[in-house]
Structure formats: C-alpha cells, structure tokens
Colleague: 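Mind having a look at this structure? Questions to follow.
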Amino acid sequence: MNELLQKMMSRESVKVTSPLLPPLDDFIESLRNIWDCKWITNNGHYHRQLEQALAEYLKVPYISLFTNGTLPLLTALQALDIKGEVITTPYSFVATTHSIWWNGCQPVFVDIEEETCGIDPDKIEAAITPQTTAIMPVHCYGQPVQMKRIQEIADKHGLKVIYDAAHAFGVEVDGESVLNAGDVSTLSFHATKVYNTLEGGAIIMHDAETKKRIDYLKNFGFAGETEVVAPGINSKVDEVRCAYGLLNLKQVNAAIAHRRKVAEKYCEALRGVPGIRFFEDTPGVRHNYSYFPIFVDAQKYGMTRDELYYRMQEQGIYGRRYFYPLISTFSPYRELESAHPKNLPVATRMAEEVICLPMHHELSDSDVQKVIECIVYSKRLND
Ligand SMILES: *Cc1c(COP(=O)(O)O)cnc(C)c1O
C-alpha cells in the first residue's frame, strides 16, 4: 500500500464516503435462503421482490435492475434507438459521456448552470443541429435540473431525454420523484452512492412496453426460449445482490436522515465563511444529501481549492475533487469542438473550485467538527 492509501484507511481519518452495509446476520440468513433454493440469478425471487420494493420506495411506475450504473446508460440509448449527436454536460462522472460514445453517437457538451451544476437550459438550443436526437442531463449531486424547461426544448425539437440520475436516489420535487421526468432515467447503486447493492443500477421508465424491451436487452435480447429480438447485452442481477439490496433499502431512510444532519451542521458553520459557496436546501425538494460539495473562491477565501484540499489531507480529512477534471478535458473527448473551455466557462470554473466534503451515514459529530474547523481556521490563518 502506498503511504496516502495507508493514511486514508487509518481509523482516525475522516473519509469522504463509507458504504451503507446491511446487518451481517440478516444477510447471512438471506444467503441461507438462496443456498436452499439454488436459484441464484435470472429474475429470481429476491430480484422480483427488490424491483417491486424499489418501485414503491422511489414512487415510479416501472424499474428494471442492472448490474451497475453504467450499463443502464448504454442500454437506455439502445432502447430508444438514439443515433447521431447527444447533448450532455462535461461536469459529471465519465460514464455519462462514455455511454454516448459506446453507442456510436457523438457527445456534444453544453455548459452547466451555477445553481444546480446541471445543464443550462438557456444554452441547449444553440447546440442543436439536424443530427441531434437526444439530451442527456445529469442531476449532479442529486440537485434536480430544470426538467420542465428541458422537456419544452426536447418537445419543440423532437428529441428524447435520458436522465443520468445516478445521484438522485429518492430525490423528489413537490412529492414527485425526479426519476419520472424525461423518457427514461438511470440510477447507480454503486458502493459510494446513497443506496448500494454492492454494484448495481437501474432504468426507470413510464410504461410496461418499454420495460419489456429493456428487460430483453439486458438478457441478450431474448424474448423467449428461442427468440432473440435485439442485439442485447448481459446485465442480469444475481440473487445475492438483490437480497443485500432489500436489506439496505430498510435502512436507507435512516442513512439519509443522518446525512441531512451532517449537511445542516456544515451549512450552519460555513455560511459565514467568505469565499466558500455550497448548496442550501431548495424549498419543496426532498434532497438525499448524497454529496456535500463546496466551491472555493481563491480570491475571497485566500487559498486555492488545491491548497485547502491538501491542507485537509494533512489533517487526515479526505475530501474529493469531484468533478475534476471535466470529462471534456480527457483525451478521447478534448478534440471535440464543444469541448473547448470557451464553450464551458461555468463548468470549467466550478471544476477548479470544487471539493466534496466527507458525507456519509457514519460521520460522528467530532468528524464533522474537525472538517469545519479545518476550513474555518485555514481561512483565519490566511487573514
Ligand atoms: C456512479 C455514476 C455512474 C456510473 O455508475 P456505476 O454504478 O459506477 O457504473 C454514472 N453516472 C454518474 C453521474 C455517476 O456518479
């Protein structure tokens, strides 16, 4: 192990995230059931139970489970037969843009808005060409993007909308799940997300017909024992993960409640610190507190983002520069015309200012205090 990794793993360090794990004894009992049944994958008992439980919890009509959060993006584009150009944002995890590329489509980057870190609706229309077929917005950090305006633009130009909602588990606006917006939304149940199934993901859709098609696609395109209706892929979820996911679903509300308390403490303490910006709760939104990004204005704070980031590390506090660098700066994409920083001024600045603070269900009061003091005192030292 290298030195940094060793320090990060030490007990005293404050980690950026920690996976939500079900009680081990309960999980072992589920494993016994699976061993007894000898049905370990292909739409088993736990699989069907988890799909139903998630649809209810998330308040969505239809859901299809996947083995991770990237295959839903790939499969959603396939299912909707997306070709040509797809409009997206560079301020996200690389999987968003990769999924467009893997479908043989051209990603077109549009800048984000400061208020949500999501796509700026005012800048979408300028990026539409005769080749454009879809928009792929991201509810970054679980902050809902301007779904109504995006839909108006999509309808006007006959475009599909596929939401990368990997961060938006359980997020609601006025009691309605954000996952019901657009044509489909995708989720990730990776270990670092609010809710995990070890690895996992899902597509949310509006109708039984689309679910059927997507269920075929994740099972090699099989529509029956002897019929293949499309060039599908394998993304079937096994019973072990579904049993684990059912147990985790029981404790996810408590985990989110703990995260909310952490977020409240961060907000309260950092509100008065010049040069530090962050998201406050939006009225009417049920947030999931999946991340707590702060944005460091070097001029006003008196220290750059990287200086603060490494100062935190020296004190055993591991934040994350998420999302930095922008996807548009990576070698497969940087030659695209839309990848030019001039086209992406807000995303470029925010990527240079961001640090995601430690945020998970196990942070103690003293952990949170340590993070707050590091940020507040680093500022004072510089005054
Ligand atoms: C995590 C994530 C994904 C990919 O999910 P995996 O489960 O890791 O494959 C896609 N998009 C965004 C925005 C993510 O954060």
Side-chain angles (χ1 to χ4, degrees), residues 16-20 50 54 63-78 86-103 107 109-110 112 116-119 134-145 147 161-171 178-179 181-182 184-204 218 233-238 241-242 244-245 248 252 259 279 287-293 319-328 330 332-333 347 350-351 354 356 359-360:
V16 69
T17 188
S18 178
L20 184 65
L50 182 60
L54 279 171
I63 184 167
S64 178
L65 304 182
F66 280 73
T67 48
N68 60 52
T70 301
L71 282 162
L73 289 166
L74 287 178
T75 308
L77 291 164
Q78 279 286 311
V86 179
I87 289 173
T88 189
T89 50
Y91 193 88
S92 180
F93 183 60
V94 281
T96 315
T97 306
H98 285 350
S99 70
I100 297 169
W101 200 265
W102 272 66
N103 273 274
F109 295 113
V110 163
I112 58 171
T116 63
C117 284
I119 194 163
I135 308 173
M136 191 182 263
V138 183
H139 298 296
C140 199
Y141 309 127
Q143 299 290 332
V145 297
M147 295 166 280
V161 185
I162 298 134
Y163 282 99
D164 182 342
H167 300 178
F169 185 90
V171 175
V178 299
L179 303 171
V184 297
S185 290
T186 71
L187 285 169
S188 164
F189 305 146
H190 183 255
T192 55
K193 308 301 205 264
V194 168
Y195 168 79
N196 80 83
T197 59
L198 297 168
E199 293 258 2
I203 302 183
I204 313 300
K218 77 173 182 201
I233 199 155
N234 179 8
S235 193
K236 302 185 303 300
V237 189
D238 58 79
R241 281 196 237 176
C242 291
Y244 174 106
N248 251 356
V252 72
R259 286 166 175 269
F279 294 111
H287 292 281
N288 66 5
Y289 308 96
S290 47
Y291 302 88
F292 197 93
R320 209 178 147 194
R321 290 171 293 183
Y322 195 64
F323 293 100
Y324 165 86
L326 291 180
I327 303 172
S328 50
F330 293 131
Y333 307 117
M350 298 198 81
V354 71
C356 284
M359 174 51 91
H360 56 82

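Counting convention: from 1, in listed order, for ligands and their atoms alike.
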Colleague: Applying side chain to side chain contact (heavy atoms under 4.5 Å, CB included) to Tyr291 and Cys140, what does each step give before you reach the verdict?
Modeller: CA-CA 9 Å; Tyr291 302 88; Cys140 199; over 6 Å; no
Colleague: Apply side chain to side chain contact (heavy atoms under 4.5 Å, CB included) to Tyr322 and Val16, showing your working.
Modeller: CA-CA 11 Å; Tyr322 195 64; Val16 69; over 6 Å; no
Colleague: Is there a donor-acceptor pair under 3.5 Å between the side chain of Tyr289 and the backbone N or O of Val194?
Modeller: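 Judged by distance alone, no pair lies under 3.5 Å.
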Colleague: Answer yes or no: does an N/O atom from Lys193 fall short of 3.5 Å to an N/O atom of ligand 1?
Modeller: yes
Colleague: Atoms of ligand 1 less than 4.0 Å from Ser92 heavy atoms?
Modeller: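 Listed by number with element, the hits are 13 (C).
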Colleague: Which residue owns the protein heavy atom closest to atom 6 (P) of ligand 1, what's the atom, and how far is it?
Modeller: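 Answer for atom 6 (P) of ligand 1: Gly69 N, 3.4 Å.
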Colleague: Tell me, which protein residue and heavy-atom name are nearest atom 11 (N) of ligand 1, and how many Å apart are they?
Modeller: Asp164 OD2, 2.8 Å
Colleague: Suppose I only count heavy atoms of Tyr322 and a 4.0 Å limit; which atoms of ligand 1 are within that range?
Modeller: 15 (O)
Colleague: What verdict does the side chain to side chain contact (heavy atoms under 4.5 Å, CB included) test give for Ser235 and Thr75, after you've listed the backbone C-alpha separation in whole Å, the side-chain angles of each residue and the deciding distance to 0.1 Å?
Modeller: CA-CA 9 Å; Ser235 193; Thr75 308; 5.7 Å; no
Colleague: Does the side chain of His98 come under 3.5 Å of the side chain of Tyr333 through a donor N or O and an acceptor N or O?
Modeller: yes
Colleague: When Thr96 is tested against each of Val138, Thr186, Thr89 for side-chain contact (heavy atoms from CB on, under 4.5 Å), which residue passes?
Modeller: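 One option only clears the test, and that one is Val138.
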Colleague: I need the nearest protein heavy-atom contact for atom 15 (O) of ligand 1: residue, atom name and distance, please.
Modeller: His167 NE2, 2.7 Å
Colleague: Evaluate Ala166 for polar contact with ligand 1, using N/O atom pairs at a separation under 3.5 Å.
Modeller: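 Looking only at distances, the answer is no, because the N/O contact criterion of under 3.5 Å is not met.
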Colleague: Should the pair Tyr91 and Tyr141 be assigned to parallel (<30°), tilted (30 to 60°) or perpendicular (>60°) ring geometry?
Modeller: perpendicular
Colleague: Can you report which non-hydrogen protein atom sits closest to atom 3 (C) of ligand 1, along with the distance?
Modeller: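 Minimum-distance protein heavy atom for atom 3 (C) of ligand 1 reads Phe93 CD2, 3.7 Å.
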Colleague: Among all protein non-hydrogen atoms, which one is nearest to atom 5 (O) of ligand 1, and what is the separation to 0.1 Å?
Modeller: Ser188 OG, 3.2 Å
Colleague: So, regarding Thr70 and ligand 1 (criterion: nitrogen or oxygen to nitrogen or oxygen, under 3.5 Å), is there a contact or not?
Modeller: yes
